[in-house]
Participant: 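Here it is, the structure, as structure tokens.
First the proteins, then the strands, lettered A, B, ... as listed; each starts at 1.
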Protein chains: 2
Amino acid sequence: MRVTLRDIARECGVDVATVSRSLNGAYGVREKTRRKVLTVAKRLNYRPNRLAKGLVTGRSRTLAMVISDIRNPFFAELARGAEDAAYRAGYELILCNSDLSAEKQMQYVHSLLEKRVEGILMNSVAGLSHSERQELSQSGVPIVLLNRPPAQVQGFSTVLADNFAGGERAGNYLIHLRHRVIWHLTGPRQHGNLAERTRGFRKALEGAGTEVASLTIRGHHNTEGAYQMMKKLLRQHRAPTAVFAANDAMAFGAIRAIFEAGRRVPEDISVIGFDDVELAGIIRPPLTTIHQPKYEMGWAAVEVLLQQAERPGQWSPQHRLMEVRLVERESCRPISRRAHDQ
Amino acid sequence: MRVTLRDIARECGVDVATVSRSLNGAYGVREKTRRKVLTVAKRLNYRPNRLAKGLVTGRSRTLAMVISDIRNPFFAELARGAEDAAYRAGYELILCNSDLSAEKQMQYVHSLLEKRVEGILMNSVAGLSHSERQELSQSGVPIVLLNRPPAQVQGFSTVLADNFAGGERAGNYLIHLRHRVIWHLTGPRQHGNLAERTRGFRKALEGAGTEVASLTIRGHHNTEGAYQMMKKLLRQHRAPTAVFAANDAMAFGAIRAIFEAGRRVPEDISVIGFDDVELAGIIRPPLTTIHQPKYEMGWAAVEVLLQQAERPGQWSPQHRLMEVRLVERESCRPISRRAHDQ
DNA sequence: CTAGGCTTCGCAAGCGTTTGCAATATAATC
DNA sequence: GATTATATTGCAAACGCTTGCGAAGCCTAG
């Protein structure tokens, strides 16, 4: 049924070996025979069986991506970058949605190992037990963790946005706009990325020295959480002139609370976010935020993977820190000198 | 290095065949030996090589999805549904972003055929030449087209939202709210899905008989297109009491134009969309729209594929029509009886 | 004309499985 | 206890490809 090397060989009156060599452009076959083989292969519409090829070469030309949910636009963007990079290198990408369930994650990984994928991109190994992580890091396939701080576990590569620099940039920006009373909405202390943003932000404020008053509030790091925090705070304290939300979702919540409290963004209160999700450019007012290079992160992760796939068994983990950048839209406004001086 | 059947066989003092049979739960091996094999396999941390298995069985336990861009939330949702269905059946899903480029599409398909995927979900085969389509439909692997009308090309299965019923439902809803002057914004006549929605919509209006005045306007079927159409129309005609946009993106454009013309939604003009994209629930006012069961469509597509993968070589194309439903939010409002009677 | 060196090609093993068939062991029957 | 049926197991081929090795074939040089 399916046409194989053997069919071509028979048709050309040569051995399968020569056919194989011809097709793979390998050295050691006369130009004339090669040409003949090629035309016959084309005529028969030959398609090499990658399973067979993979079996003998030990390479599947496949990568995989295990993320919590592709519907999250952050991952969709990452996936697109990763897939583009893979495609360019002649690899395919298997998509796995884990919902961060440890069980699903491990099941996926096992399946993938059985399929002999040459590398795995992972959202996180946080939910896994120590022995499971051990198993992964010793599985032999390169694994890169997406947007997770390196130190977590040995044995994994990472690709990470520079959260510290981003926080710092947000802080500097607000200070540059002459804000002096700034609230910072963020999540729990253990959340590595968020913590880095906070550290960077604080550094910026310290750098400004003098009379900057800031308040850091922790809560659920989503829209609803930020909404609640902000609502409560606005009742209890004198309003700030600016808010730095640790991610865009929180910024949306904060903005809603601000409007409901009868103030305006950015006229009364400036708001800056972090991530630059698509919605940030769509809502009113368009949100000024720190952009994470999601597409590039996906691409970089695949680069790392492929690099390591080249030297089976003898690569060591690698860490890439990706630059972030400020994208100015309309949710921040400078404090006028007069207002400031009064 | 990697542990194989042979290793287990040696360790247990049996033949690889018995090991294989034990592991696959096949009939014909004594309970005692099987148990022994299993424990040894576990101890050695054995992972079957799917490439080898696939080579002999001819089945790769892999499906693929070729879509234009995973960053489009519509496809992300489809992909999630498809992947969940695949996972449940023990299959993996390869993700391919084609950007609708005919060349990329064909390259992907060829790679996938070489990897012996057992089925392919495709966005569209529209850009392909006749011979390319022929090649696909005769490739031997089942292919299902996502959200494309069946008749297009023979040989492909389809999974399609019931656009006709959706259009009809939108029409009936507006009539039920006592609207009598309705504009319908849509795309070019050749666009199959949009055309169906229009047909359904017209049917509803006809059903209402009497004094319903409707106007159908065609243009670019995106936000900007609808914005321009609507802007122009509002200057030239007396405003309608309701607008049916052929998709949500167009509804957004229409709403913007309406606001800019100094009218309100839904107080002055009701707007209903189609698709139910995520943004529909987020904008102000939240958009009433026809929901397409995207997740379910992805799931259904995989069901079709797997069903056909079961009978290699002897399945025939299959078409699934998915129900849509109206989701009422806040962009539509009934005409008061008084206003209506006056 | 013969020896040595290249180039071109075929042979055959091997990658890790599954599976039909034959061989052996065990159980059942009388 | 012999005979037959049945449950286990091993043997070996096959899946479609790559690749080391050696056999021809051809060319060049001495």
Participant: Think B/N49 has a side-chain N or O under 4.0 angstrom from the OP1 or OP2 of C/dC15?
Facilitator: no
Participant: Between A/R47 and B/E135, does at least one N-O distance fall below 4.0 Å, as a salt bridge requires?
Facilitator: yes
Participant: Under 6.0 Å from the CZ atom of B/R6, do we count more than 12 heavy atoms belonging to anything else shown?
Facilitator: no
Participant: If I take atom CG from residue B/D84 and atom CG from residue A/D99, how far apart are they, to the nearest 0.5 angstrom?
Facilitator: 7.0 Å
Participant: Please report, rounded to the nearest Å, how far the C1' atom of C/dT17 is from the CZ atom of B/R50.
Facilitator: 12 Å
Participant: Quick check on A/E310: does its CD atom have over 12 non-hydrogen neighbours (other residues, nucleotides or ligands) under 6.0 Å away?
Facilitator: yes
Participant: Which whole-number value in Å describes the distance from A/R10 CZ to C/dG10 C1'?
Facilitator: 17 Å
Participant: Does a donor on one side chain and an acceptor on the other come within less than 3.5 Å for A/H110 and A/E114?
Facilitator: no
Participant: Could you give the CG-to-C1' distance, from B/L23 to C/dT18, as a whole number of Å?
Facilitator: 12 Å
Participant: Any idea which of C/dT19, C/dC11, C/dC9 is nearest the A/T33 side chain?
Facilitator: C/dC9
Participant: Could you give the CZ-to-C1' distance, from A/R21 to C/dG10, as a whole number of Å?
Facilitator: 8 Å
Participant: In whole Å, I'd like the distance from the NZ atom of A/K36 to the P atom of C/dT8.
Facilitator: 17 Å
Participant: Closest-nucleotide mapping onto DNA chain D: is B/R116 or B/E31 further toward the 5' terminus? I mean the 5' end.
Facilitator: B/E31
Participant: Select from A/R30 and B/T18 the residue whose nearest nucleotide in DNA chain C is closer to the 5' end of that strand.
Facilitator: A/R30
Participant: First contact, last contact: which nucleotides of DNA chain D are these for chain A, 5' to 3', heavy-atom distance under 4.0 Å?
Facilitator: D/dG16 to D/dG20
Participant: Check A/E303 with A/R320, please: is the shortest side-chain N to carboxylate O separation under 4.0 Å?
Facilitator: yes
Participant: Thinking salt bridges, do A/R34 and A/E31 make one under a 4.0 Å N-O criterion?
Facilitator: yes
Participant: Expressed in angstrom and rounded to an integer, what is the separation of B/R2 atom CZ from C/dT17 atom C1'?
Facilitator: 15 Å
Participant: Distance check needed: C/dT7 P versus A/D15 CG, whole Å only.
Facilitator: 21 Å
